[in-house]
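Worksheet for the structure shown next.
The sequence lines fix the lettering, A, B, ..., with proteins before strands; numbering per chain opens at 1. No hydrogens, no waters, no symmetry mates; every other heavy atom, side chains included, goes into these values.
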Amino acid sequence: MPRLPAPPDAPFHQFLTSAAFPVQQLESDLKASLSQAIHALFGAAVPAAQLTIQPTRKEFAGTFTLVTFPLTKALGKGPEQIGQALGEWLTANDARVSGYNVVKGFLNVEIADAEWLRQFSLLGQQPGVADKPQRVVVEYSSPNTNKPLHLGHLRNNFLGYSVAEILKATGATVSKVNLVNDRGIHICKSMLGYLRFGHAETPESAGIKGDHLIGKYYVLFERHYREEVAQLTAEGVDPKIAEKQAPLMQDAQQMLRQWEAGDEEVVSLWRRMNGWVYEGHNATYAAIGVDFDKFYYESDIYLLGKERVEEGLQKELFYRKDDGSAWVDLTADGLDEKILLRSDGTSVYITQDLGTAELKYQDFGYDSSIYVIADEQNYHMQVLKATLHKLGKPYAAGIQHLSYGMVDLPSGKMKTREGTVVDADELVREVIAAAKAATLEKGKTEGLTEAELESLYEMLGLGALKYYLLKVDPKKRMLFNPEESVRLEGDTGPFIQYSHARIASILRKAAEEGVVPDADHTGLSELHPTERDLIQELAGYSKVVAEAARTQSPAVVAQYAYDVAKAYNRFYTELPIFVEPDPARKAFRVALSAQTAQAIKASMALLGINVPERM
RNA sequence: GGUUGUGUAGCUCAACUGGAUAGAGCACCUGACUACGAAUCAGGAGGUUUAAGGUUCGACUCCUUACACGACCA
């Protein structure tokens with residue numbers, strides 16, 4: 001079965017290798033040492049790249065683990081024997097290795113405290129990354145202007161924002177764009193609903209947010225339309241025909257034609273109503289803290305793309321059927337034949353997508369263009385990419401579909417017609433209210449002003465919601481449980497925020513006591529295992545960011561932020577800071593706390609989550 | 001019907017891309033506030049990774065087949 005051409009190397013892979021982060025350097029140095037050891041001990045040439053090295057599991061001593069099974073054939077020795085010999089050699093010849101242990105075919109390598117302290121001293125200055133910054137466009141949100149945003153949009157918005165921030169953190173130049181679907185039959189439906197049932201009300205007169213007002217008329221249209229269809233069907237009309245013949249649908253179609261013809265009255269109503277929706281959507285964006293560098297409006301670009309089809313026809317890459325419609329044959333790519341223009345010359349969805357891809361390329365000259373779109377469009381996106389590829393467009397290779405799974409409710413799928421759609425504005429209000437209630441109950445916020453409290457509740461409520469939606473692998477369909485989404489214990493946003501607030505409290509106290517955290521700590525004799533674990537966790541930051549960028553998965557960052565917070569909380573309960581008699585060690589622990597706070601703050605920022613100084 | 005994704009503890013999710021005894025959170029049980037913030041920490045219990053085959057030193061991961069659920073294309 002023919003497949004799509006293999007995509008070129010992921011454009012972000014260079015971020016993994018182009019800069020040597022201290023821990024990654026350590027890892028590759030270690031591989032080189034191992035390769036050298038194999039040569040010295042066994043006289044065999046095994047390149048460093050061939051060695052499988054992995055982090056040591058928690059229950060064993062050590063940091064890195066070499067799996068020796070794959071070496072047995074080449075070296076003609078048993079796995080344990082190999083491990084012993086290599087471990088001994090490393091300990092004797094590599095100053096950074098302080099010891100080793102062998103369990104079956106696993107050589108666990110222990111790293112010296114001096115090296116950990118060196119790693120610690122380098123934490124603040126991890127370099128920005130790419131040699132040649134990638135130019136990336138991330139398209140996300142892309143709402144219809146006939147209703148307010150819902151839970152599904154929230155996953156989309158949080159993902160898009162976060163992935164953009166993650167890519168920025170790797171040194172890419174990122175533009176966030178929003179392609180607003182502001183025309184078409186669904187828009188006419190809400191307009192018609194408004195004309196028939198709206199009594200000229202406005203967001204001001206009704207006291208309703210603009211997007212919700214329009215949504216109301218869209219729903220009203222649908223309800224009356226269903227009634228008409230039911231009526232016709234009862235009169236014996238075939239249901240499919242009834243759906244087309246219903247007067248409301250006929251009128252909506254007529255309105256769409258008028259809109260396309262530029263009918264002044266229709267267009268001016270459309271402007272007015274869309275204005276209300278934009279205002280409503282923008283208020284939601286501001287409330288949830290996402291932003292865009294550029295808005296595209298479908299009404300401006302829906303005619304684009306026809307030239308691309310013409311181009312393909314001229315080059316004989318596409319073909320016409322007898323009825324005059326234009327098609328592309330993608331069967332060689334494992335896809336189908338796909339219509340690109342109808343026989344009357346009008347566009348289909350893919351037509352304008354071809355045009356927009358080109359437009360975005362003209363505007364941004366991107367190396368890659370990411371579309372944050374639900375996985376129901378997987379096929380469509382494959383077609384888009386393959387078609388552009390067939391046209392020989394250089395930018396086709398950079399097109400990537402960040403495909404994410406739908407959000408389900410405990411009751412099942414969200415369905416507009418069954419009224420089970422979770423409204424974004426309402427949900428945001430609820431999580432903030434829950435955060436407020438919990439904060440008041442804890443009663444630890446005295447001294448904060450009313451305004452500071454309000455912004456704290458928002459921070460915590462949104463922190464809970466964003467973390468909840470982002471911690472799941474984007475590719476996977478997920479279940480939204482309202483009670484769990486506002487939880488603040490365990491693997492949650494507020495848990496991490498709490499850890500930050502507690503560190504902030506430590507740092508305030510340290511400042512009062514005059515402890516200087518940014519001293520040179522390399523003179524410390526020996527590290528406590530818990531301190532070592534924490535340093536190791538902190539040193540992993542840039543690797544995690546690179547991994548998240550490569551896989552376009554904020555979940556990786558969420559997991560990291562949680563791990564850091566957990567490692568710190570353990571450190572916090574196990575080791576006293578201010579009771580510590582040795583001033584050098586006390587200063588070190590304060591410094592460790594400060595670095596942890598930074599790691600938490602930075603990784604949470606990549607998720608679009610702010611962290612408080614107290615809560 | 002065709003294509004495709006998913007299936008892991010009671011529930012929600014991980015598992016560094018083929019490595020050690022499959023890990024977290026919630027819920028349940030047991031401990032720790034007179035030390036720096038208990039939105040915390042330590043511990044216990046909980047698994048035939050949907051099923052059956054196969055590949056190999058080694059499989060949640062790769063390959064068959066079946067089952068369940070979802071999406072898309074007609």
Under a 3.5 Å cut-off for both contacts, is [N] paired Watson-Crick or G-U wobble with anything, and if yes, with which nucleotide?
N	result
B:C73	B:G1
B:G46	none
B:C33	none
B:U21	none
B:A15	none
B:C62	B:G54
B:A68	B:U6

Syn/anti label of B:U17 as read from its glycosidic torsion, with the cut at 90° from 0: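 Because its glycosidic torsion lies within 90° of 0, B:U17 adopts the syn conformation.
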Syn-anti status, with the boundary at 90° from 0, for the nucleotide B:C33: syn
Presence of salt bridge, [Y] and [X], under 4.0 angstrom:
X	Y	answer
A:Glu537	A:Arg570	no
A:Glu27	A:Lys543	yes
A:Glu80	A:Lys104	no
A:Arg477	A:Asp408	yes

Phosphate oxygens OP1/OP2 of [N]: is one of them under 4.0 Å from a side-chain N or O of [X]?
X	N	answer
A:Ser505	B:C36	no
A:Lys413	B:A71	yes
A:Lys476	B:G5	no
A:Arg57	B:A20	yes
A:Lys104	B:U21	yes
A:Arg502	B:A38	yes
A:Tyr468	B:G25	no
A:Asn569	B:C41	yes
A:Arg570	B:A42	yes

Measuring only the [atom1] atom in each nucleotide, how far is [N] from [M]? A whole number of Å is fine.
N	M	atom1	answer
B:A59	B:U21	P	10 Å
B:A66	B:U40	C1'	48 Å
B:U61	B:U8	P	14 Å
B:G44	B:U3	C1'	48 Å
B:C13	B:G47	C1'	15 Å
B:G46	B:A22	C1'	14 Å
B:A14	B:C26	C1'	15 Å
B:A15	B:U56	P	28 Å

Any donor-acceptor N or O pair under 3.5 Å, side chains A:Ser347, A:Gln352: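 No, because no side-chain N or O of A:Ser347 sits under 3.5 Å from a partner of the opposite role on A:Gln352.
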Would [X] pass as stacked on [N], i.e. its ring centre under 5.5 Å from the base's six-membered ring centre and planes under 30° apart?
X	N	answer
A:Phe60	B:A20	yes
A:Tyr562	B:A24	no
A:Phe69	B:G19	yes

If you check the [X] side chain, which of [options] turns out closest?
X	options	value
A:Asn108	B:G25, B:C26, B:A20	B:A20
A:Glu489	B:C41, B:G37, B:C26	B:C26
A:Val472	B:C73, B:A14, B:G19	B:A14
A:Ile577	B:G37, B:C36, B:A20	B:C36
A:Val579	B:G25, B:A35, B:C57	B:A35

Spatial distance of atom CD1 (A:Ile600) from atom OH (A:Tyr560) [nearest 0.5 Å]: 9.0 Å
B:A20 base / A:Thr65 side chain donor-acceptor hit below 3.5 Å: yes
N/O donor-acceptor pair under 3.5 Å between A:Ser35 side chain and A:Val46 backbone: yes
Separation of B:A38 C1' from A:Leu488 CG (nearest whole Å): 13 Å
Ring-ring centroid check A:Tyr371 A:Tyr140, cutoff 6.0 Å: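 For A:Tyr371 and A:Tyr140, the ring centres are not under 6.0 Å apart.
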